[in-house]
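Scroll down for the structure; my scribbles are underneath it.
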Amino acid sequence: MIFKFLFFLATLIILSLQLLTYKWLINSYQNQILDYMAAIQIVQNWIDSETDTSGTYFQPCLNCGYELAIKKDPLYCLKSDLYKIFHPQIVLEDSYVFRDYGGNDLARIIIRNQMFDVSPNLTQSGPIQQDEYFNLDIRASVIYPYAKTYLRTHILGKEAGCLFQKYMHIPGQEELALKSLQSLNLRSYLIQLSQVNASRECINEATFQKKSYRMWEQDECQQFFSIINSLEYQNTLYLEGLQFIYKTNKHLGRGVLLVDKENEQLIRKQYNNGTFCGKNNQNVIIQEYIKNPYLFKGHKMEFRSYFQIASTNPPILFGYKKALIKQCALKFNLTDFSKEAHVCNTAITKSLKEDIKQQNNEYYIDWNLEELQDLLLQDRLIISKNWLNEYLMPQIQLKLFHLFNSVQNKLFKDSRVGEFFGVDFILDQNLQLWIFECNRNPNFLVVTEGRKEKFNQLIPDMIYLQLEMVRNRFIRIQQFLKQKLIPSIRQKFLQEQEELLKHEFLINYQDSFKNQSQLNIDNQAIDITPILNFSTCFQEFEQIKKLQMKNN
């Protein structure tokens, strides 16, 4: 009887201790949640105090595309960040990605096959009804929508753009992608270099486009009309052929017209023979045509180099070794004003191929840049078998660097954003590189098996790079919260230490790969930021920095 009583008493004591332990653990866990919740709100306030979201790129816009069908939850970021703090494997080991495009979108297919699609039932390519909006999974680490309006319709840091996420559209990316803005930015950039007495070599290196006439500006519009009104121009057009191209902000080849006699008359009508210069505000550029492109079997060629702004805080830029080489559908001839002979866009080539019911793939080239080098060696335009690595790749990187540098101050500076571009280059017979256009949301049209193979490597690399950015930032911030900020909150030292803690946090908040996990991508991605050290503009950049610091 005594034994049973003692056994009952011991069991009761053990259960009581377990209950107290569970209660302590629950209280401790609740306290941890409250501590981290307070810490996340504090660091978010620090970020907000350093972030300017008053610009137009954060305002609703009627002509900026459809609204992403994600419900607006003011606590979304707090829930997402807290969940990841207590479930770090979500960030560090898994790959949760959001994509809105469906159907045959290759990026979506790759995400579903190789990563985790957080919204597998959503496909959106236009506006949908409000009752069809959905709650975005709090586990999402990379937000990679086709729609570019997310931060125009959702509040940054609360409803979108959380601490441990990357949104793959940079507010301000229009400055790169729209031909009119790109042209203005290049002009301002070259003026800025001239103001610090840049060398001729530096100006040539930084110039990535032919001379352009911005037709909404009265002076430049009138300059263009003075040229086409001259007898010299009319004779040159008749004897040599195409001299100018007309560009708008449309892509897929739709924004380009060849300035032949017929289109010249349209331009004269549009600007009333120049009397509407300064009154017609359409974003039209008329640009000198590259009349000596390198030809393959008589066809003009372009190549698309892929370029990623992995972060703007600080600028981290990646290029890719694999390029997409395109040839125009028709043979090059300055006196042939067919768009298919001068614009090597895949959509135009594909349309012509379908129109004439061409079954083989002779219009598409599945080369790498190494094969372009072989062709140039064969044509004796180069003599070095290492020309690709010694000349072309550095030149591509320099042009991409200058493209970025010309707009850097107009891009939203923040660790939570990045962007992927396809930049179309033309190589002329003098082996000089020119940028034809810069495409945001580049299409991955699988018209051949070779292209499919390239894209199947390129797309995962691009997404994994952004995932690594999030992972590295997560590690740094998690350690800072645990080791610095939360102890300061608990010991009630926050007020007196806040400025120092804020400064340390903002350093940890910056994107970096230093002393962190290795990139989970192959060697196709190249960090092009160090190319600055080989630029002929290096000294000029240092002078510009000093001037900017002085002005600030």
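Looking only at distances, no side-chain donor or acceptor of K413 sits under 3.5 Å from a matching main-chain atom of T51. No donor-acceptor pair closer than 3.5 Å links the side chain of S338 to the backbone N or O of E340. In this structure a side-chain-to-backbone donor-acceptor pair under 3.5 Å is present from T149 to Y66. Between the side chain of R440 and the backbone N or O of L176 there is no donor-acceptor pair closer than 3.5 Å. Using a distance-only test at 3.5 Å, with no hydrogens or angles considered, no donor-acceptor pair links the side chain of E175 to the main chain of V407. No side-chain donor-acceptor contact under 3.5 Å links D336 to the backbone of F332. A donor-acceptor contact shorter than 3.5 Å is absent between the side chain of Q308 and the backbone of F318. A donor-acceptor pair under 3.5 Å is formed between the side chain of S230 and the backbone N or O of Y233. Remark: the backbone N or O of I143 is not paired with any side-chain donor or acceptor of Q165 at under 3.5 angstrom. Under a 3.5 Å cut-off, the side chain of S535 and the backbone N or O of L532 do not form any donor-acceptor pair.
Between Y509 and F480, the ring centre distance reaches or exceeds 6.0 Å. Y144 and H169 have their aromatic ring centers separated by at least 6.0 angstrom. Ring-centre distance between Y57 and F412: not below the 6.0 Å cut-off.
F244 places none of its side-chain heavy atoms less than 4.5 Å from the side chain of Q287. Residues I426 and F303 form no side-chain contact, since every pair of their non-hydrogen atoms from C-beta on lies 4.5 Å or further apart. Y289 is not listed as a side-chain neighbour of K210, based on a closest heavy-atom distance of 4.5 Å or more. Between D260 and L237, the closest side-chain pair of non-hydrogen atoms is not below 4.5 Å. Proximity of Y306 to K322: side-chain heavy atoms (C-beta onward) are nowhere separated by under 4.5 Å. Looking only at side-chain heavy atoms (C-beta outward), L400 and S305 come within less than 4.5 Å of each other.
Within the cation-pi definition used here (under 6.0 Å to the ring centroid, within 45° of the axis), R416 does not qualify as a partner of Y167. Relative to the six-membered ring of Y213, K211 meets both conditions, a distance below 6.0 Å and an angle of at most 45° to the axis. For K261 and Y238, the positive end is not near the middle of the six-membered ring at less than 6.0 Å and at most 45° from its axis. Relative to the six-membered ring of F337, K339 misses at least one condition, a distance below 6.0 Å or an angle of at most 45° to the axis.
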Legend entry - Test log, rule salt bridge (charged side-chain N to carboxylate O under 4.0 Å, His left out), inputs D414 and K166: CA-CA 10 Å; D414 198 279; K166 266 284 189 180; over 6 Å; no
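Below 30°, between 30° and 60°, or above 60°: for Y101 and Y146 the angle between ring planes is below 30°, a parallel geometry.
D424 pairs with exactly one of R304, K300, K179 by the salt bridge (charged side-chain N to carboxylate O under 4.0 Å, His left out) rule, that one being R304.
Across all non-hydrogen atoms, the minimal contact from G319 to I528 is N-CG2, 3.6 Å. The minimum heavy-atom distance between Q218 and C277, with the atom names listed, is CG-O, 3.7 Å. The shortest non-hydrogen separation linking P171 to V417 is CD-CG1, 4.0 Å.
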